[in-house]
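Take a look at the structure set out below.
Chain naming here is simple, since letters A, B, ... match the order of the sequence lines and numbering starts at 1 in each.
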Amino acid sequence: MSKPLIEVKDLKIHFPMKNNILFNKEKRFVKAVDGISFVIHENETLGLVGESGCGKSTTGKSLLRLIEPTAGEVIFEGKDITKISTREMRDVYRNMQLIFQDPYASLNPRKTVGKLIEEPLLINSDLSPKDRLDRVYELLDVVGLNAYHANRYPHEFSGGQRQRVGIARALALNPKLIIADEAVSALDVSIQSQILNLLRKLQQSFGLTYLFISHDLSVVKHISDRIAVMYLGEIVELGTKIGLYDKPLHPYTQALLSAAPSIKSTNRRERIVLEGDMPSPVSPPSGCKFHTRCFAKMPECELVRPQMRDMGDGHYVACHLYK
Amino acid sequence: MKNSLQIVAEPVKVVAPKKSLWIDAWKRLKKQRSAMIGLTIVLFFILLGVFAQFLTSHPYDGFNTDKILISPNSEHWFGTDDQGRDIFSRILYGARISLWIGFFSVIGSIIVGCYLGLIAGFYGKWVDTIISRMFDIMLAFPSILLAIAIVAVLGPSLFNALIAIAIINVPTYGRLIRSRVLSVKEEEYIMSSKSIGMSNSRILFQHILPNCMTPIIVQGTLGIATAILEAAALGFLGLGAQPGEPEWGKMLSDSRQFLTVAPWTLLFPGFAIMLTVVGFNMFGDGLRDALDPKTK
Amino acid sequence: MKPILTVDNLQTHFFTDSGIVRSVDGVSFQVNEGETVGIVGESGSGKSVTALSIMRLLPSRVGKIVEGSVKFQDIEMSKLKEKEVRKIRGNDIAMIFQEPMTSLNPSYTIGNQIGEAVRLHLKLNRKQAEKRSVELLQQVGIPRAQEIVHEYPHRLSGGMRQRVMIAMALACNPKLLIADEPTTALDVTIQAQILDLIQQLKKTSNTSIIIITHDLGVVSEICERVIVMYAGRIVEEGDVRSIFESPSHPYTSGLIESLPSLDESVEWLETIQGNVPIPSQMPTGCKFAPRCKFVMERCKQEEPELIDIGMGRKSRCFLEGKRKNV
Amino acid sequence: SDKESDSGNKTVNTTESSKNSTLIYGRGTDTVTLDAHNIVEAESSRISKNIYETLIDYEKESTEVTPKLAKEWTTSDDGLIWTFKLQENVKFHDGTEFNADAVVYNFERMMDENHPQHQGDFSIFSRTFKGVIEEVKAVDAHTVEFKLVKSDATFLPNLGITPFGIISPDALKTFNDKIQEHPVGTGPFVFDSWIQNDSLTLLKNENYWITDLPKMDKIIFKIIPDNSARLTALKNGEIDLMEGINQSDLPAIEKDMNLQILKRPAANVGYITINTTRPPFDNVKVRQALNHAVNKQGLIDAFFGPVASPAKNMTPPAVWGYNDEVKDYEFDLEKAKQLLVEAGYPNGFETEFYVMTTPRLYFPQPEKVAEAMKSDLEKINVKVKIVTYEWATYLPKLMEGDYSIAVIGRISENGDPDNFLNTMLYSKSSSNLSKFSNTRIDELLIEAKNSIDRDVRTALYKEVQEIAHNEAPTIPIAYVESPMAARNYVKGYIPHAIGYESLAEIYFEE
Amino acid sequence: MKSYFARRILQLVPVLIGMSIVVFSIIHAIPGDPATVILGDHATPEAVKELRTEMGLDKPLISQYFAYVKSIVTGDLGNSLRTKKPIQEEITPYLAATIELMFASMIIATVIGVNAGILAAWKRASWFDNIAMFIALVGVSMPVFWLGLMEQWIFSEKLSWLPSIGRFNAREPIEAITGLYMVDTIIQGNWAGLWDAFKHLILPGLALGTIPMAIIARITRSSMLEVLESEYVRTARAKGLSEIWVLYKHALKNAFAPVLTVIGLQVGLLLGGAVLTETIFGWPGIGRYIYDAIGYRDYPVIQSGILIISTIFVCVNLVVDLLYARLDPRINYK
Ligand SMILES: Nc1ncnc2c1ncn2[C@@H]1O[C@H](COP(=O)(O)OP(=O)(O)OP(=O)(O)O)[C@@H](O)[C@H]1O
Ligand SMILES: Nc1ncnc2c1ncn2[C@@H]1O[C@H](COP(=O)(O)OP(=O)(O)OP(=O)(O)O)[C@@H](O)[C@H]1O
Ligand SMILES: [Mg+2]
Ligand SMILES: [Mg+2]
């Protein structure tokens, strides 16, 4: 396997809650991300799955410091980018880019598509206006749009096309790492596959590395090499695609996989229906955060937070079942 | 590289035909009947004001003892007032004043309000606190009393009435833009601008400001209507136009005592105010429906 | 098996500023007693509008049923007066909507909202209505039902709210339940809970169910029959197993193949090219022709009929017609 | 059936008579105070005049002095000692006796800063009697003696103005600074109640010392700020009597069978003051030119109505000493232009014209007058810019001489010509707004003030008016009678020139 | 809830202090002085000077300001310069008059406005909607003083239906208890007086209420339109509820929040903005009282008057915020 491109160590992101300033001294936090670690190697795709609110987006955004991490390190190309100045962050932006979930909300409705794609070039490169324009056309071409789309506004495009624009914008500076935050969730099934194919093609052509965030297990499985499963701000299981899907270890992963409806019900697993909802990240359960919903709960789960355990073949799990 | 591009290319047709945002908005606006009526009324009054001297042969001023309080007839369409002046002419010339005050006071409020609102919304924290409290303070006063006090300080005149109206409306625009900034700031495309390393000022002026303008334009159009009414109220209280100036509100207050003997002296200026204001309101409503249908 | 609902040549159009939108353009189908039917299709294909047309809940100003009939049991819904429809709505036919977050009135307690329907249709008094509400909540598996009835919706999670919606729909023991994307907004584990609940309902009551969704997986889990819609038309209809195993219409097969699967890995997904046509640029012939892999000249000229291809299946494709004729 | 109709009539009568015993007087603004000594404006005097009485009073239809609480008086030859014999058997409303001590107590309150009831500023007293009265003392129970510092022709008439009304010393002691809420006098009416800015009610003084008076049981002063609204109220019978009428409404009132117009004689003059220290107005020809350029009759027709007459002197005809021989400047634009040429302004000049926004008795519509004058002045090439101010800003500007030409006027305080001519024309007078200075006029005025012979004074004042006319420091515009309107059944009401009057003799005719 | 309330009140403090400074500096920046006005036509420079000293106007502004703040903190609004009476006493009847008028117009405005708005939204684009919205449009476009004049002309002058001025017939004065005559007459059982007070209230109430009515109708309509498109209304309909029930129970309660805000704001406008209406209808209200005080440069009255109505206004909006919580259980003030 190639060398690591980005390494996240014990990353924590806690949002202070807007509190009654005068009458409530005690400060409370939303523990959106609560100590996660992972590595993404060059030219691979790490999938990040989990249910709504488990902290996937927060993780993704904090890698670019769009949300400042509360603690932990993010080592990108050998540098801890949580500690560098905003000026130095420019270099990081050049190499790390984000594709947003909502193709409708992430494009400024008042700018033409050409301008939007040109913007990163304008800010981060010294290209001449003409070169920039050429590059914009080239990018449009790359994502399957045409040069004549450049002076149109986002609202004239369909969702899928907008997502292509978002991808072109992210590609503009030839980044090494692309964080795709639910890049296909908002799209229709038939469009989703177009974009997934595009992303894969781009990875092959340009040697990109992806952090692919999604809540859709089958999409993540399709696109990723390795997968991390998040629950309530923590990674509970991390493994290669085959390892994780064929032999899910963590009860949560098992439940998740079994719950996903499939059209091929012949080789159906027995559906595991979890009880209750995800607890609030403000006051997460003690010990293993999953114990409130776990079907294999043991007494110690309530008390001790399980550590990540290497189960071989790059498969890690944080569960007391595996000692 | 070129090679790989070929692999990727998978051209798709664009769904909607090319339109600029403004052309698009104009097209939607054109479909709104009431907005077009409003626009027509506004343009009508603008033309009346601009071409006043060609539209009437009677002067709007002077003291004509032979013609005092003549009821409307073929020569004086709207009759004459207690100085023997032609009311029709005065209304034509008055259109200039009202439109002028309405337009420029709103421009003034918008410039100041936008500036303060942008800063407050974007930088937040204590800057926001100070500016917002300032707005709160201004809004806690009944605006007309505040305007009266301001004119009292500056001395009554049309220009000072304009200033007063501009000042009292600053918080309206300031708050509007502040709240817009607060919401636009959270939009994903702002996050996306940050993610390419864009500077704050660029984000503020290139991305946030343009996206805040729509409600401001709408509010501004409606604001002209309000400003015209406020100017008329100040005129009515004798705090705007100076004696002789054919301001509509002033005309009303000058003729108040003729309610029974010469009602036309009150009817027509009142109608003029109402019609102009209706025009701006209809146009503004239409603009809102056309520009941001969500806030309907 | 008696049909409980018969929709015949339903055409619902929206008269918007930018022209007429033929959202539902000649849809016919039947739902039998005790049957669960799924309607799938991409966004904008007219699924919700079909459901609303059945309920006569279209936005009255712009949306109109211009043709066709909707028969509930033996009652012709389109001929009923508004007042008579109201007697059926919520009583004989109930509906659940996609967004559990916004489908409950934030200003009233859960008990109030469930009780309302019971009090109206079953003529219960306040006390009885509350009792019934609690029963219903328990029935849909809400813990602490006694307390929850007094809660406001915002205090509940998405899954809980969807259960409340279901409880509300079940309040008067409807004969037909229409669920418009009941799980789309929910997380996988919560979706599993709701699907489980619906399956239990199927077992315990004889209610017919129409499930509208764009998730083929959901359909395959709980439906017996499925109707595939595209651009306001039914393009294919049949029982779930056979359709998913051997789809007949290119659109259906495209949909199925473009889905990444948990069970098998492929490098490239199948795609359906292009986009769903927007109403103003609806093609003349087969609506799917511009995106179809097997498009023929004929497809661009005329539109195929929805033809019976045997085994209770129907398909709207010339290729099927040929296959059948051959 | 006869009987029945009779009794029917009777009920009507009784209701009518009960209505008839109450007079409702509509006016525009509220009273400020009921502490007579602290009064400075007319709306307070209007009430106080009916609650309190002064030592002397004015004739009903002129400003000549007549006895009131003082039956008679004598003067020492040097004019320094005035002795007043008081009415006997007069009681205050609180039942206490009116006597010389009461008079002394009242004046000492105003004069002596150490007096326990010396509260307020007593500005009218300071202005009229400070440095005039030296001492007030009781000679016996019903005789008071005033010792003056110097002989003063205006002393006697001044004693008749309401700020010198006599308040019950008992009440003063009881209510102290709250006296204005509990006014107790000897007048024909007793204070009943006062709803701020709405109405003020007086009741008949059953023990009034003049028999058969007052004739009304009750008077309500009702505030209706707007002139037209007040007139509507009169027409509807909600009020019986009102002041403040728009000139435009006068014709309609004249025609109305139910209404009558009453005129308050003009003891005022409305004029344009010209700042004689500012060029080009330091040139008498310019001032005369301006006088010729004003169409007084036109202005009066348009903005004053039939109640006003063109003014030519700085004192009104209703005040004695009026010089009717003065020939007014006629409205003649050619002549005006001619005079401007002579003065060296063939192309005219530009000037600012100050106007107050607040209507005054002598200028009911000041702004409109200015507007109209502006168009005439522009015909003689005098370019005028009208500048308006509120009263609070306006008067200080005029007093500081910070203006070129301005609209202003004067109302009589005591019906004496000195009150006009000295005040406005004496070079050292602070109300000489024109900053006019003429040695001859100064001499004449001083002489007149020191004399107590009416004929001598008349001659002196006539000469003053003659000179003032020629020097033209002002443009007298109008003497304004204030029109009042009443229901027809209101009788016995004679409006007085000084602006307010006793309502004791008012009655309703069935 | 309680702490929220306390916090909001604490937040008022800087606003009120700021307001007192603004009011103080603005009114003292107005040229002219009260002494001249008080002395009127007979003012002379000497008399003016003397009176100014007497009134303490020759002291430095800063010390005047602190004196003023001190007196306010001790609950004393000071005395009027002109009438020398305590402002507390003087202001009450004016305030009562305005409040009565305000209530009348707000009731007219709210009842008619809200219902018209609901109906218009419900029957969107119908003739009722068109007519109602046209009237509302004209309503918001009308100069209030002109409307008042026209009302007087038509209803008092031409038709003689209603009295055009004052609060009651001067011949049958009403005794004030609360100062709200409609209430007072009921307390006293004075039915003729009640009818009289009511008749006097109609025209000014209508004039003052028209603009808020129009605004409320428009905002109710647009808010209702939004809510009527919401999914929970569809849910309610799906339950088979009747339209009235859907409109007034399900939709209105949710649509009411913006309406409530507008009502809160209108109260502020009415409190001070009634100057014009009060002038025209001879209504002895606070707007007019303050306006006159500006003319007289009666500083303590202007200061206290503006401060009082601003405080009322701010408090009304506080109440509006609290009502929000009752309307919308999602708002959590904890
Ligand atoms: N700016 C913020 N302030 C406070 N809390 C936040 C903020 N952003 C996110 N959170 C909270 O952090 C938690 C994680 O949010 P995040 O958006 O990362 O979830 P997610 O996994 O991306 O969910 P989804 O699938 O819904 O996008 C949530 O509980 C969210 O409410
Ligand atoms: N109120 C409306 N006004 C105008 N057009 C409408 C309206 N409601 C729906 N439509 C149109 O009707 C068509 C079908 O809409 P419908 O809501 O039935 O789609 P759907 O299949 O339910 O899609 P989704 O999966 O997004 O819910 C769409 O093209 C839509 O634009
Ligand atoms: Mg997310
Ligand atoms: Mg739908």
### Task
List the steps, then state whether side-chain contact (heavy atoms from CB on, under 4.5 Å) holds for B:His207 with A:Glu119.
CA-CA 11 Å; B:His207 290 263; A:Glu119 250 177 353; 2.4 Å; yes
### Query
Step by step, would you call A:Ile123 with B:Arg202 a side-chain contact (heavy atoms from CB on, under 4.5 Å)?
CA-CA 10 Å; A:Ile123 295 166; B:Arg202 196 181 162 90; 4.2 Å; yes
### Task
Show the numbers, then the answer: is there a side-chain contact (heavy atoms from CB on, under 4.5 Å) between A:Arg110 and B:Thr214?
CA-CA 11 Å; A:Arg110 309 216 159 251; B:Thr214 316; 2.7 Å; yes
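Judged by distance alone, the side chains of A:Arg65 and B:Ser195 never bring a donor and an acceptor atom under 3.5 Å apart.
The CG atom of B:Asn200 lies 9.5 Å from the OG1 atom of A:Thr86; values are rounded to the nearest 0.5 Å. Note that CD1 of B:Ile196 is 8.5 Å distant from CG of A:Leu121, once rounded to the nearest 0.5 Å.
For the set A:Leu107, A:Leu140, A:Leu64, the count of heavy-atom pairs under 4.5 angstrom toward chain B peaks at A:Leu107. Between chain B and the options A:Asn108, A:Ile99, A:Leu122, heavy-atom pairs under 4.5 Å are most frequent for A:Asn108. Interface remark: of the candidates A:Met89, A:Arg90, A:Arg169, A:Gln204, A:Arg169 forms the most heavy-atom pairs closer than 4.5 Å to chain B. Residue with the most contacts toward chain A among B:Glu187, B:Lys194, B:Met213: B:Lys194 (heavy-atom pairs, distance under 4.5 Å).
Around atom NZ of A:Lys83, more than 12 heavy atoms belonging to other residues, nucleotides or ligands sit under 6.0 Å away. At most 12 non-hydrogen atoms from other residues, nucleotides or ligands lie less than 6.0 angstrom from NZ of A:Lys115. For B:Phe103, the CZ atom counts as loosely surrounded, since its 6.0 Å shell holds 12 or fewer non-hydrogen atoms of other residues, nucleotides or ligands.
Shortest non-hydrogen contact noted between A:Ser106 and B:Ser192 is O-OG, 3.7 Å.
In this structure, chain B has a heavy atom under 4.5 Å from the side chain of A:Asn124, while its backbone stays farther away.
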